[in-house]
Undergrad: 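After the structure tokens below, expect a handful of questions from me.
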Amino acid sequence: MAEKVNFSKLMKIQDRIRNIAIAAHIDHGKTTFSDNLLAGAGMLSEETAGKQRALDFHEDEASRGITIDSASVSMVHKLNGQDYLINLIDTPGHVDFGGDVTRAMRAVDGCIILTCAVEGVMPQTETVVRQALKELVKPVLFINKVDRLIKEVKLTPEEMQAKFVKIIEHVNKLIEQIAPEGYKEKWKVGVGEGTVAFGSAFHNWALSFPYMKAKGITFKDVIDAYEKDNYKELAKKAPLHEVVLDMSIQHHPNPVDAQKYRIPKIWRGDENTPLGKDLMNCDPNGEPVFVPTKIVVDKHAGEIAAGRLFSGTIKQGDEVYMNLSKSKTRVQQVSVYKGAQRIVVENVSAGNIVGIVGLRNVFAGETVSREEMVPFEAITHLFEPVVTKSIEATKAADLPKLIEILKQVAKEDPSIKVSINEQTGESLISGMGELHLEIIENRIKSEKGLEVKTSQPIIVYRETVSKPSKVAEGRSPNKHNSFFIKVEPLEDELYELIRSGELPEGRVKKKSDIITKVLSEKLKWGSDMIRDVKDIYKGNIFFDETRGEVHIGEVIEMVMDAFEMVMDEGPLAREPCMKMKVSLVDIKLHEDAIHRGPAQVYPAVRDAVKEAMKTAGSALFEPLQVHLIEAPDEFMGTITKLVGGKRGQLLDMQQEGATTQIKAKIPVAEMIGWSNDLRSSTEGRGTSSLMEQEFEKVPVSMQDEVIKKIRDRKGLSENQ
């Protein structure tokens, strides 16, 4: 009971709350690191720390030795005689589960970036820094595995210092490149400032400059401890949890301070309204606003929505409104997390990370409030799902169960895209990579208890145009309405603004300050051109260039519906469209509204867009991934040959000691089985990390063949 009282009391003292995430590459020793933080906070025995995998409680996480799901834990840490409540989210390190990292960043205000003292900053580390800064989450740095520098690499103190400086400079270069204006210098990490710590999670010790100064510990003490095989004494003098959690409390913001600069970034509503002020001030007495970042289906409690309460107070029995699904529901239970265990509390106030039971049919990224409000910005992922498999139940009678389970899966992991055709029984799951889909398939079998079979991986392509089209006319089936449309490629600069999230996707309200600001400042557009922007959808933009049309207001929503339908399924192979500008230049409408309903508007607009695309050099884009491949230098020729055999391009090649680093861009279509191919060609000594994902045109010589294969797979005839 004491623990419950402690949590409940601290949850109300906002300046003593820290919401943080651990962000790391898969091999940076994150499991041991998080376990030792918990052990130090008295939530795990020191003997089992690093072995128990307290925050990796799925069976497949333990068997594979990786974190797959983000896990939340609330714990108490004392600094200078004061208790602090730390809400910690341990996030996955494998790039296939990067969606979980992105969602976790919405809930936290600070993150601890883990790097390896030997390997330095890896591609996935760069990815998590980008994810954190995109959500205005402040980083600090922990350099792990220092014991390896001393015992294996046998560096002198001076060489070690040079290694640390190199890692810190790399992280700061990333922050300078990625952080928004105003944060590039302010959020750089430094030893003197105390925003960098180093140590060994495996041996449970850590040091930072302020801690060394306060406790009179020198680097010589560290070297001596290893020379005398006495590192356990070091762990008593400078325990990992104390150094790291002290650093977090001193350098990560509390929710009141953080929300003043984070809210304008992640919420587009009016900051000067009473609700806006509640959010900016993280007011516990204001209107309640909760954003779930993870949905867990519990066999006893049902759906549990874990996320951040940005304002107000929530308690059992409260009626709340879900703004995106436009439905009301009632809170059945409020709880804090201790890994897999939930501790029920009476109520929870603004600034905390909590679990709520009772939000029926909720999904990650929803905005939950008491009254209807402008929802929070959608949580957008850095990489799109590009690998798809069809999935079916082994028994036909289990089809309804499969549909329910797939709906659950889509809630639990929104970076998995699920497409269900309830008539044909065909279902598709799309993910970040082969491993991602393999994990989902295994969990459906082992945790959901349903036997399924899946197809070979299918690659998701994109359709686009390569030049401006002629104006195409689309006539309604009753011949009373005409829509005149042109299409052209979207400029790279404009596409990047959408991709980065600076230009928010969605239908544009009458006057959008954010869109006006971005387009006028970044692209120098005039007010007339900005006014024409009506819909930003999946990397495409719809413009209404008509003037003085009396009935346009009655049909424009239907026109945008039809535009989105074509963007979802283009004319070449019914693949999604990207990087396109679609403009409605003129319309002719029947005077009588009964003759211009959806049945007339939809086919007319769809036909006009597709016809315009035919005259604009329709083209197919394929996904490519940039990988950093590392292996002993003796395999350089083998890897070069492997990349070439997969239509890959070598972008860069560097040697460090006896290791070769090769940066290569490879089409995803050629990467099925990539991990096995790399292992077998390097005798198991090669590793590969995803750095970037992009789309490029399919080579002209291959396009017709690829389109035919996709159409055949989808059962499309010539004129469909």
Side-chain angles (χ1 to χ4, degrees), residues 419-424 426 461-465 467-490 506-508 532-578 580-620 707-708 710-720:
S419 167
I420 301 168
N421 187 325
E422 298 195 23
Q423 275 75 44
T424 64
E426 188 195 42
Y461 290 81
R462 296 285 186 273
E463 298 187 26
T464 192
V465 293
K467 62 183 181 183
S469 74
K470 295 175 182 172
V471 174
E473 178 186 2
R475 298 185 73 187
S476 59
N478 63 12
K479 310 293 188 232
H480 293 316
N481 307 278
S482 288
F483 297 84
F484 298 88
I485 284 173
K486 66 178 182 184
V487 302
E488 57 191 296
L490 200 62
R507 295 190 182 182
V508 181
D532 290 345
V533 176
K534 297 298 177 192
D535 192 6
I536 302 173
Y537 185 73
K538 295 185 179 178
N540 306 284
I541 300 189
F542 177 79
F543 290 79
D544 173 16
E545 295 179 4
T546 61
R547 293 288 183 268
E549 296 292 346
V550 182
H551 301 297
I552 187 73
E554 295 171 35
V555 297
I556 193 66
E557 289 294 324
M558 289 184 279
V559 173
M560 288 190 283
D561 287 344
F563 154 72
E564 290 177 4
M565 288 174 198
V566 181
M567 295 305 100
D568 284 336
E569 293 188 344
L572 289 178
R574 293 222 186 142
E575 294 288 274
C577 295
M578 69 178 286
M580 277 175 51
K581 189 189 284 187
V582 178
S583 305
L584 178 67
V585 294
D586 197 7
I587 54 169
K588 289 178 184 170
L589 296 174
H590 195 281
E591 283 295 315
D592 193 340
I594 201 165
H595 293 300
R596 43 183 161 83
Q600 305 303 324
V601 174
Y602 287 169
V605 175
R606 287 199 304 259
D607 289 350
V609 176
K610 289 177 181 178
E611 194 56 40
M613 285 180 71
K614 282 180 190 172
T615 67
S618 292
L620 207 61
I707 290 171
K708 186 177 184 308
I710 300 170
R711 292 185 69 87
D712 287 349
R713 174 171 55 78
K714 293 182 178 180
L716 299 174
S717 62
E718 285 298 311
N719 58 356
Q720 280 184 302

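If you read the sequence from its start, that first residue is 1, and numbering goes on from there. Below, all heavy atoms of this structure are taken into account, side chains as well, without hydrogens, waters or symmetry copies.
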Undergrad: To check you understand the geometry: which heavy-atom pair defines the closest contact between Val508 and Asp535, and what is its length?
TA: CG2-N, 4.2 Å
Undergrad: So which atom in Ile541 and which in Phe563 form the shortest heavy-atom distance, rounded to 0.1 Å?
TA: C-CZ, 4.0 Å
Undergrad: Determine the interplanar angle of the His480 and His595 rings, folded into 0 to 90°, and report it as parallel if under 30°, tilted if 30 to 60°, perpendicular if over 60°.
TA: perpendicular
Undergrad: Give me the atom names and distance for the closest heavy-atom approach of Arg711 to Leu572.
TA: NH1-O, 2.9 Å
Undergrad: Judged by atom type as modelled, is there a donor-acceptor pair below 3.5 Å linking the side chain of Gln600 to the main-chain atoms of Asn478?
TA: yes
Undergrad: Are Glu564 and Arg507 within salt-bridge range, i.e. N to O under 4.0 Å?
TA: yes
Undergrad: Taking Lys486 for its side chain and Pro468 for its backbone only, find out whether a donor-acceptor pair lies under 3.5 Å.
TA: no
Undergrad: Quick one: closest heavy-atom pair of Met567 and Val582, and the distance?
TA: CE-CG2, 4.1 Å
Undergrad: Would the distance check show the side chain of Ser476 and the main-chain N or O of Asn481 forming a donor-acceptor pair, the cut-off being under 3.5 Å?
TA: yes
Undergrad: On a heavy-atom basis, which atom in Lys538 and which in Asn540 lie closest, and how many Å separate them?
TA: O-ND2, 3.1 Å
Undergrad: Over all heavy atoms of both residues, which pair between Arg574 and Glu463 is shortest? Give the atoms and the distance, please.
TA: N-OE2, 3.1 Å
Undergrad: Return yes if some donor-acceptor pair links the side-chain N/O of Asp532 with the main-chain N/O of Glu545 below 3.5 Å, else return no.
TA: no
